[in-house]
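Working notes, beginning with the structure itself.
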Amino acid sequence: MTPINQEKKGTMMGYKHKLLAGLAFLTVAVALPAKAETISMFCSATDYELCEEGAQKWAKSSGNEVKINRTPQNLDDAIPIYQQLFASKSADVDLLYVDVIWLGMMKDHFSDLVSLVPEAEVKAHFASATDAARIDDKLVAMPFYIDTGLMFYRKDLLEKYGKQAPKTWDELTATAKEIQDGERKAGNADMWGYAWQGRSYEGLTCDAVEWIAAGGGGTILSDKGEVTINNPATVAALTRARGWIDTISPKGVLNYDEESSRALFESGNAVFHRNWPYVWGTSQAQGGKLVDKVGVSALPIGADGQKSSGALGTAYLAVSKYSAKQEKAAELLRYMVGLEDQKMRAIKGGYNPTVEALYTDADVLAKIPFMPMAKAAFEESVARPSAATGKNYNRVSRTFYRAVHDIISGTGDVAEEVAQLEKKLKRDVKAN
Ligand code: GLC
């Protein structure tokens, strides 16, 4: 044997030892439970309890811990908090609750989930919901629940007055007035016809886009990013909404968000109420005044031939790119967007799933009988122009809702004010 061969043999033996030692280590590692970690996540204020319930269930069954942060009640106020976390590349938060309109704005701070979530799990969701999160060849978030603007109404009162759920916004205006006046005469002086979101914030962008799109007036900007707001359908929709103030809606509606408008409806003092699907859960919860008295429909259309245009408000979960616990955060995300947790949320809170199979699930259908209508409303829903505006969405939406708020609370010439709004929006788009 030459010294070279001897040396080779020695090296081989060294490898063997290392390999064996490595295998022994592996055996031990497999036998030990995976390392427990604490995952920090954001839940939205509106669905905080259910979000916490799901996250804690995962924590218990996986032997990890979850620390939950609550977003501010007004989701707009979460944006600067997130922006601060991103600016400092903070690893303090692993999992983020994300509004659909933030995807384009925040995408650079989210991990690509393609390698973290198995394809079969991604495919269980509506393709349109996951497609919206595929940006720059990445999957930046996973859908958590669908929000589409819906119309809730007092089934008992519509029956009492021999009315159907209104097809058009004009019909809604007339029916709301008739029932409100009838109920006031019958002794309920506090009765109102219509509760919605008129405060100057993102929720008003949703409501106004719904009125305008339902009349064929588009969604502020075209898909290509051209400002399309200045058209007769916008003027007609905003004029009609102005007419609601202090006739079928209290003046206070100009400061209402989702929760305050829901409070009016659930106190029993409003005939119609525009909101997101969760109101089914709250209004039918045991002990509520409106149990068995509520009907739900898609939002009205502008006129025959036009389509219902509920705003699309899907909620997502995303893993922060700055998290030091990517795998574990993705495990929690997978549980929270998965069938089991979405089913629990649908049954307990009326949240509309993004997992398609749940739309034919008997337990879910028993709790939310209008699932087929909600699915159709989701399929017809209109998106706010966040894809076309990307990082600039917030600025565009702010200009829009501030102008809409001024128009519906003022007495100016609506057509002129819409023309002014067009100019401002063009400036915003250019500034991008
Ligand atoms: C809901 C929707 C969201 C929307 C917000 C407006 O949370 O899910 O998309 O931006 O309401 O208030």
Side-chain angles (χ1 to χ4, degrees), residues 42-51 70-82 96-106 126 128-129 132-133 141-152 195-211 213 219-220 253-263 265 273-282 299 309-318 336-337 342 345-346 349-354 374 377-378 381-387 389-390 392-402 404-405:
F42 264 103
C43 287
S44 96
T46 313
D47 66 322
Y48 187 84
E49 281 75 23
L50 290 177
C51 183
R70 186 195 287 260
T71 65
Q73 182 62 50
N74 180 354
L75 267 184
D76 301 358
D77 298 336
I79 299 174
I81 300 175
Y82 280 19
L96 299 149
Y97 171 95
V98 178
D99 190 344
V100 60
I101 48 169
W102 302 346
L103 290 172
M105 211 186 330
M106 300 177 181
F126 287 114
S128 54
M142 279 292 286
F144 190 29
Y145 60 87
I146 289 172
D147 261 352
T148 309
L150 295 175
M151 189 60 74
F152 297 85
W196 46 285
Q197 298 82 41
R199 179 174 161 183
S200 183
Y201 80 125
E202 184 60 31
L204 179 56
T205 292
C206 298
D207 285 45
V209 162
E210 287 166 349
W211 314 324
T219 54
I220 313 173
V253 81
L254 291 166
N255 202 27
Y256 279 1
D257 60 7
E258 283 85 355
E259 287 298 82
S260 33
S261 53
R262 176 171 78 82
F265 182 62
H273 176 41
R274 180 267 173 219
N275 211 322
W276 308 105
Y278 78 100
V279 168
W280 181 250
T282 56
L299 292 179
S309 305
L312 178 68
T314 313
Y316 289 80
L317 293 181
M336 305 270 314
V337 304
Q342 288 208 0
R345 299 168 58 84
Y351 283 84
N352 287 190
T354 61
F378 163 60
S381 63
V382 287
R384 287 160 278 169
S386 54
T389 45
N392 206 19
Y393 175 75
N394 221 15
R395 182 203 307 241
V396 166
S397 180
R398 198 181 310 126
T399 298
F400 177 69
Y401 64 65
R402 283 184 179 163
V404 169
H405 193 266

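One-based numbering, in listed order, for ligands and for the atoms of each.
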Put together the list of close N/O pairs, under 3.5 Å, between ligand 1 and the protein, could you?
{"residue": "ligand 1", "atom": "8 (O)", "partner": "Asp147", "partner atom": "OD2", "Å": "2.6"}
{"residue": "ligand 1", "atom": "8 (O)", "partner": "Gly313", "partner atom": "O", "Å": "2.7"}
{"residue": "ligand 1", "atom": "9 (O)", "partner": "Asp99", "partner atom": "OD1", "Å": "2.6"}
{"residue": "ligand 1", "atom": "9 (O)", "partner": "Asp99", "partner atom": "OD2", "Å": "3.3"}
{"residue": "ligand 1", "atom": "9 (O)", "partner": "Arg384", "partner atom": "NH2", "Å": "2.7"}
{"residue": "ligand 1", "atom": "10 (O)", "partner": "Asp99", "partner atom": "OD2", "Å": "2.6"}
{"residue": "ligand 1", "atom": "10 (O)", "partner": "Arg384", "partner atom": "NH1", "Å": "2.8"}
{"residue": "ligand 1", "atom": "11 (O)", "partner": "Glu258", "partner atom": "OE2", "Å": "3.3"}
{"residue": "ligand 1", "atom": "11 (O)", "partner": "Trp276", "partner atom": "NE1", "Å": "3.2"}
{"residue": "ligand 1", "atom": "12 (O)", "partner": "Glu258", "partner atom": "OE2", "Å": "2.7"}

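- Between Phe378 and Phe126, the ring planes lie tilted relative to each other; the angle falls in the 30° to 60° range.
- Scored by the disulfide bond (SG atoms under 2.5 Å apart) test, Cys206 finds no partners at all (sequence neighbours excluded).
- A tilted orientation is assigned to the rings of Phe265 and Phe152, their planes being inclined by 30° to 60°.
- Cation-pi contact between Arg345 and Phe144: present, with separation from the ring centre below 6.0 Å and deviation from the ring axis of at most 45°.
- Judged by distance alone, the side chain of Glu258 and the main-chain N or O of Gly203 form no donor-acceptor pair under 3.5 Å.
- Ring-plane geometry between Tyr97 and Tyr145 is classed as tilted, the angle between the planes lying from 30 to 60 degrees on a 0 to 90 degree scale.
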